[in-house]
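Below: the structure, in structure tokens.
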Amino acid sequence: MSRPNSQDRNLRERADKVIPGGMFGHQSTRLLPDDYPQFFSRAKGARLWDADGNELLDFMCAYGPNLMGYADDAIDNAYVTRMRQGDTMTGPTGLIVDLAEQMTALVTHADWAIFCKNGGDATQIALMIARAHTGRNTVILARGAYHGAAPWCATRPVGVTPGEKANQVFCDYNDIASLEAAAAQAGDDLAAIFAAPMKHDTFTDQALPDPAYARRARDLCDAAGALLVVDDVRAGLRIARDCSWSTVGVQPDLSSWGKCFANGHPISALLGSEVARRAAGRIFTTGSFWYQAAPMAAALETLRRVRETDYLEHIEGLGERLRRGLAERAAAAGLGLRQTGPVTMPLFLFEDDPDLRQGFFWSSEMLRRGVYVHPWHNMFLCAAMTTGDIDQALDAAEGSFKALRGQLGSLGPVEKLSFLTA
Ligand SMILES: *Cc1c(COP(=O)(O)O)cnc(C)c1O
């Protein structure tokens, strides 16, 4: 961690000179406690080693991509074997057809697939197809929902023109009246409703989808001839072996996938139903690396495990054990801990902690005890975790809650998060 003369400190000093802001994007530790490592050297199973060799039980799972465990032998062997036979070539391999067959067989609504690299590619293609299909422009988005970092969905206005954000109407997640008001505002220009499968925004409690809200989104799209898009890039395969909204009985026309379906290898997908096939064939979308064969081999092995193992029930059981154990230990320490979202994608926020001073302190204490948790972003469980790992996390949590209890009156404000309470 960031001790003087540590590898992490040395790398940060060098990075400050050659990488804007020292690090960019979601993996920058700029908004994490100061002792969080920025650099890592390796990972295996549920564990990470930072650049200084400290071992950490990792509840971030690479911000989602790690589903079956880091450096999984079978998945990585599939990747490496294929890579050595040719990876990015003048055309795709047959694996692209195998993978499209597998994904459309797994995901109920899907009849076709387009493969790309990042989740943001898939959400952008969804937007283009909805506009091509309807000949209209307006999309409804939930306020605060993340769909990628391209200008149309960027979460910060810097470097983005108003034109790139045009034709967007916002509603509040799970609020049917605001969804209906947004649809009324879109009027006869509605191309799509973009739905997050659950509310998994940063700095705020998560929420599962209200089935009535999901059904209303479907009905409004049907009434308008618009397309319903579920952005399953983050939640996909951690809630269901299908599109996440299958759990509330609603099928979208398009769903975007990424992060974990090749267990960390670079591939994402847009899946679509029959109604959108023609428009999908009319847009032009591509990328130099989108036909790469090795990530497809890794995806096929990951999906085999999805179909043939109890990975989902396993992480659900672990998630319940973690949630129950944390609730007991927080209560015993006299602390109010809110645990929201599905147990496989937990978020922890403390009561009466608007600038996260309690969350920061507790997370640092967890890190000192060898457990990497995030103070304001949802976390992820992976199938390589064991009940022993959960119990290790619970032991760390017990000590960390006690330490927090002891310091509660003397915690200072978290300067780097002052925007939360400004
Ligand atoms: C991460 C994410 C994206 C963007 O995926 P990238 O691979 O980072 O481009 C889109 N939607 C959701 C819900 C995400 O969590």
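These figures come from a predicted structure and were not determined experimentally. First listed ligand is number 1; within each ligand, the first listed atom is number 1.
When heavy-atom distances to ligand 1 are checked against 4.0 Å, the residues falling inside are Asn118, Gly119, Gly120, Tyr146, His147, Gly148, His200, Asp231, Val233, Arg234, Lys259, ordered by chain and number.
Between His374 and Trp376, the ring planes are perpendicular. Angles over 60° get that label, and only those under 30° would be called parallel.
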Side-chain donor-acceptor pairs under 3.5 Å in residues 261-268, sequence neighbours left out?
| from | atom 1 | to | atom 2 | distance (Å) |
| --- | --- | --- | --- | --- |
| Asn263 | OD1 | Leu67 | N | 2.9 |
| Asn263 | OD1 | Met68 | N | 2.7 |
| Asn263 | ND2 | Gly69 | O | 2.9 |
| His265 | NE2 | Asp76 | OD1 | 2.9 |
| Ser268 | OG | Cys116 | O | 3.4 |
| Ser268 | OG | Lys117 | N | 3.3 |
| Ser268 | OG | Asn118 | N | 3.2 |
| Ser268 | OG | Asn118 | O | 2.8 |

Name each donor-acceptor pair under 3.5 Å that joins a side chain in residues 355-364 to protein atoms two or more places apart or in another chain, with its distance.
| from | atom 1 | to | atom 2 | distance (Å) |
| --- | --- | --- | --- | --- |
| Asp355 | OD1 | Arg357 | N | 3.2 |
| Asp355 | OD1 | Arg357 | NE | 3.2 |
| Asp355 | OD2 | Arg357 | NE | 3.3 |
| Asp355 | OD2 | Arg357 | NH2 | 3.0 |
| Arg357 | NH1 | Leu411 | O | 3.1 |
| Gln358 | NE2 | Glu351 | O | 3.3 |
| Gln358 | NE2 | Asp352 | O | 3.3 |
| Ser363 | OG | Gly359 | O | 2.8 |
| Ser364 | OG | Asp35 | OD1 | 3.1 |
| Ser364 | OG | Asp35 | OD2 | 3.4 |
| Ser364 | OG | Phe360 | O | 3.2 |

Compile the donor-acceptor pairs under 3.5 Å between side chains in residues 202-214 and protein atoms, sequence neighbours left out, one pair per line.
| from | atom 1 | to | atom 2 | distance (Å) |
| --- | --- | --- | --- | --- |
| Asp205 | OD1 | Arg338 | NE | 3.1 |
| Asp205 | OD1 | Arg338 | NH2 | 3.4 |
| Asp205 | OD2 | Arg338 | NE | 2.8 |
| Gln206 | NE2 | Thr340 | O | 3.1 |
| Gln206 | NE2 | Met345 | O | 2.7 |
| Asp210 | OD1 | Ala212 | N | 2.9 |

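Between Asp58 and Tyr70, the side chains place a donor N or O and an acceptor N or O closer than 3.5 Å (distance only, hydrogens not considered). No side-chain donor from either of Asp73 and Asn77 sits under 3.5 Å from a side-chain acceptor of the other.
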